[in-house]
Amino acid sequence: MTAEKPITIALVGNPNVGKTTLFNALSGLRQHTANYPGVTVEIKKASVNHKGRQIDLLDLPGAYSLAARSPDELIPTQILLGLHCVECRPDVVVAVVDATNLERNLYLVHQALEVDLPLILCLTMVDMAEASGAHIRLDLLSERLGCQVVAVQPVKGKGIEQLLDKVLEFQEKPLPVPMVWPEELITETKRISGLCKTGTPDFMVRRALFDKDGEAAKDLIMENRAIADALILARKNLADIGFVLPQAESIHRYADIRVRISGVQNSPKGNRNWTDRLDAWLTHPVAGTLFFLLAMFLVFESVFWLAAPAMEWMSSVHEILADWILATLPQGPFTDLLANGIVQGVGGVLVFLPQICILFTMLAILEDTGYMARAAFLVDNLMSRCGLSGKSFIPLLSSLACAVPGILSTRVIEDRRDRLATILVAPLMSCSARLPVYTLVVAACFAPALGHSPWLGGVVLFAMYMLGLILAPLAALLLKKTLLRGPTPLFVLELPRYQIPNWKSVLHKVMDAAWSFVGRAGSTILAAMVLIWAMLYFPSTDENGKSYPKEIRELREAEKGEEALVLQAKWRENSFLGTTGKAMEPIFRPLGWDWRLSVAAIASFPAREVVVGTLAQLYAQEEEEENLVQALQGTDSPLTPASGLSLMVFFALCCQCVSTLVVIGRETKSWLWPLFTFTYMTTLAYAGAWIAFQLGTWIWG
Amino acid sequence: MQAFPSFCSLDQLLPGETAWVHHVDGTDDLSQRLCDLGLQQGVEVELLGKAPWGDPIRLRVGNWRLGLRRREAARILLQKFSPR
């Protein structure tokens, strides 16, 4: 038995039919996400053992048609036609179909029935169809379509065994061709087949004919350039007899589907259901907008407030761990690296894990209930004015918490230019990592204790958030008018039925996001932190060859704390990072910064939250914010209201986040776009900070 | 039944009004997408509501719900009597 080759099955179906829920029910937690170079969309894979036979599962992105219109839809087309760069054609196709919407769902099935693969039709939401009075005769449907039909209820685990049984049973059964095409189409197909290499199946030629510039056409033309002209001629001949492509395909298929399903179900009534009643409120121009604002407010409140205890706990854990390492392990560069570089650095980033988990839970719930589509519907008008569509809204909003999940959630956007524009402006939104910087500077420069109005701090903080909220849409508009110019993308948005989210599917999404975040913290951020640490630690001897750490330790032991701090400051100043900062000082002087602020800003390029710790170290204070605030308020401090403002604006606009750049690189599959983001944001940040400094000098002198 | 067919485009439908698809205009991506989604002759559509500023609009197409921009909806031509 074990010697038998595993069976690969591919799950295909329209979006929102419960395909992923079925996949989760089939695979349990044994799944992983496959990422291919050059492809922006991921394929989920899993293996299960059924009756001693290994079955490999592929969960393909949802699609309405094999005539692919988005990067998502390309995947099922490529895999079913055997044109995917990595995955082979599956042995069996499992077509997942929403029983409440049989006609439209069967369109993709109708196309898939032609590709010469065993197909099992898997009906979901049969209970819901029955409840609305539409009884479906499975045996008749199976007979009419010439394929096996199984009804499943993935959430309850019903029908799963039966489905796997059918996979084993029918994996080698040949399929009848379900559709009689017009004689002329058959003639044209044969003529083009003659130009193709022998063995090219008819369905490939037909898809090449149907989809101008589609995957099948590209593949055939690559073999023989003459096919390009032959396809054009064939399409023209067909149009002459009234078979006008591309519509003719859908007209013929839908006509055939209607004949085949007549009598299979008593016609479902298109009556108003509770989704419509809910939508009357939730998409209402006034009530719906108010609810939308309330929902978004609650999501972000929960991200900040629910996460706070967990974040405090995590940050105290890594503080304790760092202290314990410093106290226990023998003194030396390695211990310092472990405590200050790795534990403090990576820990400082991992602190954001609770926020990421909560944000993703909220977003997964919004998505799985079906509300996300309504949110996109409500804001589409507003977003279209800056050249984007409603689908860009959630990614931008998520970026207020963190640009990384924000960028990941752009995958729902079909249009490449729209998606790219959204990705490129998302880092402009003020993420939660900027908040510590803002609070520190506000406390140090705009505190009421310094004679400022008690309102000023809040106003400055609000202004920093508004900066991103205003500049991101403007930048998107500019990008859409220049680099990413193109036709207005389609906004064809299915509004799925509202449903109670399935906690397993929510958990899967949250775990995926959490793992990829931890993975990044363990790789990129770790490397950056080690580098920053090394640049602050070395050279660790002064001009006379005396070791700084040794001297500081001796001073501390002699209870000369003050002198130890002075020496520490000197060490930082003479470190590689310190000398770099001093060399860079002229560049940052127009912004009102001294070498210490310059160093802090440079050190924060890998991750902006590094700035607080860096400033603390540079000012040779204990790493407690109150002390740091006092030091920054001190007379020798370079931080005036004007330079403070310029520092905040710089941090608000600069892409000081390696994770974001790495994610942009990963999602756009190019190093050009992260480079572009970094360049434009740094330029913008420098210009903005300069303006802020001039403005600040003018206001506060 | 009226003596002559009365056509209108989908963006001219009033909220709560029902009509039947006659055809989708054009041969571009948009019209192909709408055809693939089953906006075929004889399919019943109803305007359910509108977003703020009246755009996009919310429709019932047969037994499912679709959001469309008005400009896109203008491509769908309707007849106001049942074809069946």
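Because only heavy atoms are used, hydrogens play no part in the values below, and waters and symmetry mates are left out as well, while side chains stay in. Every chain is numbered from 1 and lettered A, B, ... according to where its sequence line falls, protein lines coming before strand lines. Because the structure is a prediction, the values reported are computed rather than measured.
Residues A:S250 and B:C35 come closest through the heavy atom pair OG-CB, 3.2 Å. In terms of heavy-atom proximity, A:A67 sits nearest to B:R33 at O-NH2, 4.4 Å.
The distance from atom CZ of A:R104 to atom CH2 of B:W64, rounded to the nearest 0.5 Å, is 4.5 Å. Residue B:W53 holds its CH2 atom at 11.0 Å from CG of A:D380, rounded to the nearest 0.5 Å. Taking CG of A:D279 as the reference point, atom CZ of B:R58 lies at 4.5 Å (rounded to 0.5 Å).
Side chain of A:Y254 to backbone of B:L39: no donor-acceptor contact under 3.5 angstrom is found. Within the 3.5 Å criterion, the main-chain N or O of B:L37 finds no donor-acceptor partner in the side chain of A:Y64. With hydrogens and angles ignored, the 3.5 Å screen pairs a side-chain donor or acceptor of B:N63 with a backbone N or O of A:T100.
For B:V61, no part sits under 4.5 Å from any heavy atom of chain A, backbone or side chain. Contacts of A:F377 with chain B are made by both backbone and side-chain atoms, with heavy-atom separations under 4.5 Å. For a residue to count as touching a neighbouring chain, one of its non-hydrogen atoms must lie under 4.5 Å from one of that chain's; by this rule B:I57 touches chain A with the backbone only. For chain A, the nearby part of B:E72 is the side chain; its heavy atoms alone come within less than 4.5 Å. For chain B, no part of A:N14 is nearby; none of its heavy atoms comes within less than 4.5 Å. Interface remark: A:D211 contributes side-chain atoms only to the contact with chain B (heavy atom separation under 4.5 Å). Interface remark: A:T289 contributes side-chain atoms only to the contact with chain B (heavy atom separation under 4.5 Å).
Just one residue in the list B:D29, B:L68, B:D36 forms a side chain to side chain contact (heavy atoms under 4.5 Å, CB included) with A:V492, and that residue is B:L68.
Checking B:T27 against A:Q247 by side-chain atom types alone, no donor-acceptor pair falls below 3.5 Å.
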Exercise. Checking side-chain contact (heavy atoms from CB on, under 4.5 Å) for the pair B:R65/A:R497: CA distance, chi angles, key distance, verdict?
Worked result: CA-CA 8 Å; B:R65 276 78 190 153; A:R497 194 178 19 250; over 6 Å; no

For this session: Step by step, work out the side-chain contact (heavy atoms from CB on, under 4.5 Å) result for A:S389 and B:R69.
Result: CA-CA 10 Å; A:S389 83; B:R69 287 190 185 149; 3.3 Å; yes

Problem set entry | Residues A:D276, B:R60; criterion salt bridge (charged side-chain N to carboxylate O under 4.0 Å, His left out); working and verdict | CA-CA 9 Å; A:D276 287 329; B:R60 176 172 66 75; 5.6 Å; no

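By the 6.0 Å contact criterion, CZ on A:R385 is enclosed, its count of non-hydrogen atoms from other residues, nucleotides or ligands being greater than 12.
Side-chain contact between A:L378 and B:P52 is present, with heavy atoms from C-beta onward closer than 4.5 Å.
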